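Inspection log for the structure reproduced underneath, given as structure tokens.
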Amino acid sequence: DTAVSQTPKYLVTQMGNDKSIKCEQNLGHDTMYWYKQDSKKFLKIMFSYNNKELIINETVPNRFSPKSPDKAHLNLHINSLELGDSAVYFCASSQLGGEGTQYFGPGTRLLVL
Amino acid sequence: GQQLNQSPQSMFIQEGEDVSMNCTSSSIFNTWLWYKQEPGEGPVLLIALYKAGELTSNGRLTAQFGITRKDSFLNISASIPSDVGIYFCADGSGNTGKLIFGQGTTLQVKP
């Protein structure tokens, strides 16, 4: 009964490839997020969706494209992967349009070679 | 832009010791949040603070929202090995849900 789940947990790929990370929450929340944690453990928001609508889009390269097929899912597709994309990507969700507590998934560790 | 400075960057303490860490901001906050991230996991909310001067406890953890609304501290009393992890302060003041995190304090506890 995992609240926020992500797949895969680990992803190793070559530069230039396209990859997707999936996120699902079973908490009934209406808002979902993607965060990036770099090698120095710094956490930064990338995107948020509220009821499938894009709310926050930080200065993220347009190679990153989030997609929300329904309010329980928020996937992240990355085109033309670069070495600097190596990081841990966390999905999170919250209720109340972003004012509620955010619950984080376990993270996807992406390594671009 | 807004900056959050968290200190210390890391701590290595003996089991049973008390721990204190703090966070300062360049601007006024309406909400301070403290998260803990254990190795290999995502951050988990420990304490949320909503009013200047507010002091809130969660077990052995105590956090305070500074009067100036530009700082907060987190104390852990009688540390135990499972307190190991990275502690993040975060600004949750926006109504879009955007969290701005500090750099984190890495805590290691020696049994």
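Hydrogens, waters and symmetry mates play no part in the numbers below; they use all other heavy atoms, side chains included. Note that the structure is a prediction, hence the values are computed from the model and not measured. Proteins get letters first, then strands, A, B, ... in listed order; numbering begins at 1 in each.
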Check for me, please, whether [X] and [Y] land in the same ILVMFWY cluster - side-chain distances under 4.5 Å, paths through other members count.
X: Met21(B); Y: Leu55(B); result: no
X: Phe12(B); Y: Val109(B); result: no
X: Val4(A); Y: Leu99(B); result: no
X: Leu76(A); Y: Leu74(A); result: yes
X: Trp34(A); Y: Leu27(A); result: no

Count the heavy atoms of every other residue, nucleotide or ligand shown that sit under 6.0 Å from [atom1] of [X], and state whether that count exceeds 12.
X: Glu15(B); atom1: CD; value: yes
X: Gln9(B); atom1: CD; value: no
X: Lys71(A); atom1: NZ; value: yes

Q | Heavy-atom contacts under 4.5 Å, residues 66-89 of chain B to chain A | A | Ile86(B), Phe88(B)

Q | Toward chain A: residues of residues 35-47 of chain B with heavy atoms under 4.5 Å | A | Tyr35(B), Gln37(B), Gly40(B), Glu41(B), Gly42(B), Pro43(B), Leu45(B)

Q | Interchain contact, Gln37(A) with chain B, by part (heavy-atom threshold 4.5 Å) | A | side chain

(Q) For Tyr103(A), which atoms come within 4.5 Å of any heavy atom of chain B: side chain, backbone, both, or neither? (A) neither

Q.
Under the criterion side-chain contact (heavy atoms from CB on, under 4.5 Å), I'd like the reasoning laid out for Lys41(A) against Gln103(B): C-alpha separation, chi angles, the key distance, then a yes or no.
A. CA-CA 7 Å; Lys41(A) 306 300 182 186; Gln103(B) 309 98 316; over 6 Å; no

Q. Can you name the residues of residues 104-113 of chain A that have some heavy atom under 4.5 Å away from a heavy atom in chain B?
A. Phe104(A), Gly105(A), Pro106(A), Arg109(A)

**Q.** Interface residues of residues 42-49 of chain A facing chain B - heavy atom cut-off under 4.5 Å
**A.** Phe42(A), Leu43(A), Ile45(A), Ser48(A)

